[in-house]
Novice: 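One structure is given below, represented as structure tokens, and several questions about it will come after.
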Amino acid sequence: PEGFDPYADTVGPGIYGGSAQRDADGNIIIGSQYQNHNSRPGPVYDGRGYSLMSKALQAGPEKVREIITDFPQLKDEISTGGARPLHTCGMSKRGQLSAQTLIDAGADMYALD
């Protein structure tokens, strides 16, 4: 899938951190997960690669701040796998560098993925 780097990624955007399908009202569509990797229903992958916030997390804290300034709702974005940005931060050394930036922006530390 777009954005998947087989050398750096343990899983691709269809499984965690990918852009999820939304209905006409902007709600996340819940259904069968990508390639049935999880039997439980979850956010449905839209096939467009990693979400904007997931990409920002890999770019670093400055990019995360820039994205949150323009799109503050993304601090708690739900991506494929049900992962929120703070969860995604813990999935890589590079992502960990942005955890405090998200917390300072008011990301929900107690949200369940």
Side-chain angles (χ1 to χ4, degrees):
E2 179 188 336
F4 180 64
D5 178 348
Y7 300 104
D9 298 341
T10 302
V11 297
I15 297 176
Y16 274 114
S19 184
Q21 289 183 18
R22 295 181 177 271
D23 65 18
D25 295 322
N27 299 309
I28 299 281
I29 295 175
I30 303 296
S32 296
Q33 294 192 53
Y34 184 71
Q35 296 181 339
N36 295 314
H37 76 278
N38 186 333
S39 61
R40 295 174 54 180
V44 176
Y45 179 50
D46 68 10
R48 294 188 291 174
Y50 288 104
S51 71
L52 182 60
M53 180 53 76
S54 292
K55 290 176 187 176
L57 291 171
Q58 289 309 303
E62 289 303 318
K63 180 55 85 174
V64 171
R65 269 191 279 286
E66 179 183 322
I67 295 299
I68 289 173
T69 298
D70 293 337
F71 306 100
Q73 72 277 13
L74 293 184
K75 71 183 183 304
D76 288 311
E77 168 190 61
I78 297 173
S79 63
T80 55
R84 293 177 188 252
L86 281 172
H87 178 132
T88 306
C89 281
M91 296 175 68
S92 72
K93 289 183 179 184
R94 218 176 318 162
Q96 291 174 18
L97 300 174
S98 295
Q100 190 62 53
T101 301
L102 288 166
I103 292 166
D104 292 346
D108 185 354
M109 295 187 299
Y110 303 103
L112 297 177
D113 291 349

Novice: Heavy atoms only: give me the nearest Ile78-Arg84 pair and the separation to one decimal.
Specialist: CD1-NH2, 3.7 Å
Novice: When hydrophobic residues are tied together by side-chain contacts of less than 4.5 Å, even through go-betweens, does Leu57 share a cluster with Ile68?
Specialist: yes
Novice: From Asp46 CG over to Ser79 OG, what is the distance, rounded to the nearest 0.5 angstrom?
Specialist: 11.0 Å
Novice: Say whether, by atom type as modelled, one donor and one acceptor occur between the side chain of Ser92 and the main chain of Gly95 under 3.5 angstrom.
Specialist: yes
Novice: Give the minimum heavy-atom separation between Met53 and Pro85, together with the two atoms involved.
Specialist: CG-CG, 3.6 Å
Novice: Looking at Gln96 and Cys89, would you say the former's side chain and the latter's main chain have a donor-acceptor pair under 3.5 Å?
Specialist: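 Such a contact is absent between Gln96 side chain and Cys89 backbone.
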Novice: Working to the nearest 0.5 Å, report the span between CD of Gln58 and OH of Tyr50.
Specialist: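 Going from the CD atom of Gln58 to the OH atom of Tyr50 covers 8.0 Å.
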Novice: Just how far is it from atom OG of Ser54 to atom CD of Glu77, taken to the nearest 0.5 Å?
Specialist: 5.5 Å
Novice: Determine the minimum heavy-atom distance between Lys75 and Ala105, stating which atoms define it.
Specialist: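 Nearest heavy atoms, Lys75 then Ala105: CD-O, 3.1 Å.
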Novice: Answer with yes or no whether the hydrophobic clustering places Met109 together with Leu74; edges join I, L, V, M, F, W, Y residues whose side-chain heavy atoms lie under 4.5 Å apart.
Specialist: yes
Novice: Under a plain distance cut-off of 3.5 Å, with no hydrogens placed, do Ser98 and Thr101 share a side-chain donor-acceptor pair?
Specialist: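 Side chains of Thr101 and Ser98: no pair found under 3.5 Å.
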Novice: Between Ala20 and Ile28, which heavy-atom pair has the shortest distance, and what is it?
Specialist: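 Heavy atoms of Ala20 and Ile28 come nearest at CB-CD1, 3.8 Å.
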Novice: State the CG-CD distance between Asp70 and Glu66, to the nearest 0.5 angstrom.
Specialist: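 Here the interatomic distance stands at 6.5 Å.
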Novice: Considering all heavy atoms of both residues, which atom of Ala99 and which atom of Leu86 are nearest to each other, and what is their separation?
Specialist: O-CD2, 3.7 Å
Novice: Is a donor on one side and an acceptor on the other found under 3.5 Å between the side chain of Asp23 and the backbone of Asp25?
Specialist: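 Side chain of Asp23 to backbone of Asp25, a donor-acceptor pair under 3.5 Å: yes, one is there.
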Novice: Using the rule that Ile, Leu, Val, Met, Phe, Trp and Tyr join whenever any side-chain heavy atoms are under 4.5 Å apart, tell me whether Ile29 and Tyr16 fall into a single cluster.
Specialist: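 No; tracing contacts between hydrophobic side chains, which count when under 4.5 Å, never links both residues.
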Novice: Would you give the length of the straight line joining atom CZ of Arg65 to atom CG of Leu102, rounded to the nearest 0.5 angstrom?
Specialist: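 Atom-to-atom, Arg65:CZ and Leu102:CG are 10.0 Å apart.
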Novice: For the residue pair Ser19 and Arg48, what are the closest heavy atoms and their distance?
Specialist: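 Between these two residues, the closest heavy atoms are OG-NH2, 3.6 Å.
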Novice: Does Ile15 share a hydrophobic cluster with Tyr45, counting links as ILVMFWY side-chain heavy atoms below 4.5 Å and allowing steps through other members?
Specialist: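 Ile15 and Tyr45: one cluster.
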Novice: With no hydrogens and no angle check, is any side-chain donor or acceptor of Thr80 less than 3.5 Å from a backbone partner on Gly17?
Specialist: yes
